[in-house]
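Okay, structure first, notes after.
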Number of protein chains: 2
Amino acid sequence: MADKYDCLKLDNQLCFPLYACSKGVVNAYKPYLDEIGLTYTQYIAMMVLWECEEVTSKQLGQRLLLDSGTLTPVLKALESKGFIDRSRSKEDERNLIITLTEKGRALRDEAVKIPSKMAACSNIDPQDAAELYRILRKMMKNF
Amino acid sequence: MADKYDCLKLDNQLCFPLYACSKGVVNAYKPYLDEIGLTYTQYIAMMVLWECEEVTSKQLGQRLLLDSGTLTPVLKALESKGFIDRSRSKEDERNLIITLTEKGRALRDEAVKIPSKMAACSNIDPQDAAELYRILRKMMKNF
DNA sequence: TACAATTAGATTGTACACAATTAAATTGAA
DNA sequence: TTCAATTTAATTGTGTACAATCTAATTGTA
């Protein structure tokens with residue numbers, strides 16, 4: 001029954017469910033993020049800012065695992081929507097300092113409703129969610 | 001200690017490790033896929049074809065959870081590399097029939113080495129991999 | 001102190017992803 | 001049979017991702 005090509009079957013891959021679920025979850029966020037005018041990538045960037053108030057582009061990239069090629073347009077979009085300010089560091093002009101605007105800070109009170117809405121529409125059982133979190137966190141250490 | 005914004009902390013999200021690991025795994029494939037001239041999306045498309053020999057674009061999209069906007073350029077790229085042929089169905093001209101070329105079939109013998117190379121460089125423990133697979137498969141049913 | 005090496009961000013190019021729209025083929029109901 | 005509704009791909013537009021390169025600022029060292 002088994003042949004040497006079994007390892008290439010889509011159903012035998014771990015990468016595909018991972019890839020599909022990642023896309024699926026990002027898509028599930030879309031309707032809620034649309035309401036507050038953010039994309040998923042912009043949302044996770046704002047999460048870091050709501051925690052830190054001020055970070056450099058470099059720090060944000062390290063936290064989100066994104067390089068400047070991705071981050072530059074994301075941050076410009078957030079700036080054009082008025083949620084953040086982009087400015088150069090006085091101490092080191094190479095560093096781009098990202099700060100929240102008043103509007104960006106205020107957005108947090110809209111965003112805070114999203115996690116519970118997501119939980120409500122996701123069918124994942126809490127034990128599975130905890131296991132998934134544990135395994136993915138462990139996996140992230142290898143990158 | 002806990003405040004009402006805790007649910008917005010990046011470290012409290014399940015979506016972020018999922019998103020980060022998905023990207024990480026796709027990136028881990030890159031060096032191996034480069035050797036055989038495929039991108040990750042092209043690779044999973046080829047997997048379906050190695051199993052089926054012939055599918056419509058529609059069927060491929062259903063299997064990979066991709067729409068024509070994504071699939072059309074992917075299939076054109078695979079065609080230009082000589083791995084597949086694209087032709088219209090005689091019975092229903094709306095359907096695009098994808099078939100493997102001889103070169104595409106031959107590529108399978110190169111690709112078959114990839115899963116074990118990936119397993120070797122990934123540090124995931126087999127129990128975790130099985131659990132992860134189970135949970136993600138369950139999650140996929142909700143999309 | 002010069003100046004090579006490093007660092008941070010921006011830019012360019014390629015490749016998805018997906019929403020919305022379009023176009024052509026087919027189907028189905030009056 | 002006719003023509004409106006449906007179906008399938010392709011196209012267009014926006015927004016990531018990431019490699020490679022570029023530019024400017026800073027750092028380390030001879």
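When the C1' atom of C:dT27 is taken as reference, atom CZ of B:R94 falls 7 Å away, rounded to whole Å. Rounded to an integer number of Å, the gap from CZ of A:F143 to P of D:dA17 is 15 Å. Separating the CG atom of A:L96 from the C1' atom of D:dT23 is a distance of 15 Å, rounded to the nearest angstrom. Following rounding to the nearest Å, A:L75 (CG) and D:dT16 (C1') show an atom-to-atom distance of 13 Å. For B:L66 and D:dA10, the CG to C1' distance is 16 Å, given to the nearest whole Å. Rounding to whole angstrom units, CG of residue B:N27 and P of C:dC16 are separated by 13 Å.
A:D67 comes within contact range of at least one nucleobase, with a heavy-atom separation under 4.0 Å. Nucleic acid contact class of B:L65 (heavy atoms, under 4.0 Å, all strands): sugar-phosphate only. Contacts of B:D92 with the nucleic acid, taken as non-hydrogen atoms under 4.0 Å apart, involve only primed sugar atoms and P, OP1 or OP2. Within 4.0 Å of B:E91, counting heavy atoms only, lie sugar-phosphate atoms of the nucleic acid but no base atom. When heavy atoms are screened at a 4.0 angstrom cut-off, B:V74 is found touching the sugar-phosphate backbone but no base atom.
Close to D:dA9, at under 4.0 Å from its OP1 or OP2, lies a side-chain N or O of B:N95. Taking only side-chain nitrogens and oxygens, B:Y19 comes nearer than 4.0 Å to OP1 or OP2 of D:dA17. Between A:R88 and C:dA10 there is a side-chain polar atom (N or O) within less than 4.0 angstrom of OP1 or OP2. A close approach under 4.0 Å does not occur between any side-chain nitrogen or oxygen of B:T39 and OP1 or OP2 of C:dA15. Between A:K23 and C:dC18 there is a side-chain polar atom (N or O) within less than 4.0 angstrom of OP1 or OP2. In terms of phosphate contacts, B:S68 brings no side-chain nitrogen or oxygen within less than 4.0 Å of OP1 or OP2 of D:dA9. Checking the phosphate oxygens (OP1, OP2) of D:dT16, a side-chain nitrogen or oxygen of A:Q42 falls inside 4.0 Å. Between A:K76 and the phosphate of C:dG9, there is no side-chain N or O to OP1/OP2 separation shorter than 4.0 Å. For B:K58, a side-chain nitrogen or oxygen approaches OP1 or OP2 of D:dT8 to under 4.0 Å. Contact check, B:T41 against C:dC16: a side-chain N or O comes under 4.0 Å of OP1 or OP2. OP1 and OP2 of C:dA8 both lie 4.0 Å or more from every side-chain N or O belonging to A:T56. At D:dA10, one or more side-chain N or O atoms of B:R86 fall inside 4.0 Å of OP1 or OP2 (strictly under the cut-off). Applying the 4.0 Å criterion to OP1 and OP2 of D:dG15, one finds that A:K81 has every side-chain N and O outside that range.
Ring geometry for B:Y43 versus B:W50: interplanar angle over 60°, hence perpendicular rather than tilted (30 to 60°).
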(message) B:D3 vs B:K9, test: salt bridge (Lys or Arg N to Asp or Glu O under 4.0 Å). Steps then yes/no.
(response) CA-CA 11 Å; B:D3 80 320; B:K9 283 188 175 164; 5.2 Å; no

(request) Output, in order, the C-alpha distance, side-chain angles, deciding distance and verdict of side chain to side chain contact (heavy atoms under 4.5 Å, CB included) for B:I135 and A:E131. (result) CA-CA 9 Å; B:I135 297 169; A:E131 261 296 274; 3.7 Å; yes

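Contact annotation: the side chain of B:N123 never approaches that of A:K141 to less than 4.5 Å [non-hydrogen atoms, C-beta and beyond]. Using a 4.5 Å cut-off on side-chain heavy atoms (C-beta onward), A:L18 and B:C21 make contact.
Ranked by how close their nearest DNA chain C nucleotide is to the 5' end, A:T70 and A:K30 are led by A:T70. Nearer the 5' end of DNA chain D, as judged by each residue's closest nucleotide, is the contact made by B:G69, out of B:G69 and A:P73.
For the pair B:K117 and B:Y32, the cation does not sit on the ring face, since its NZ or CZ is not both under 6.0 Å from the ring centre and inside 45° of the axis.
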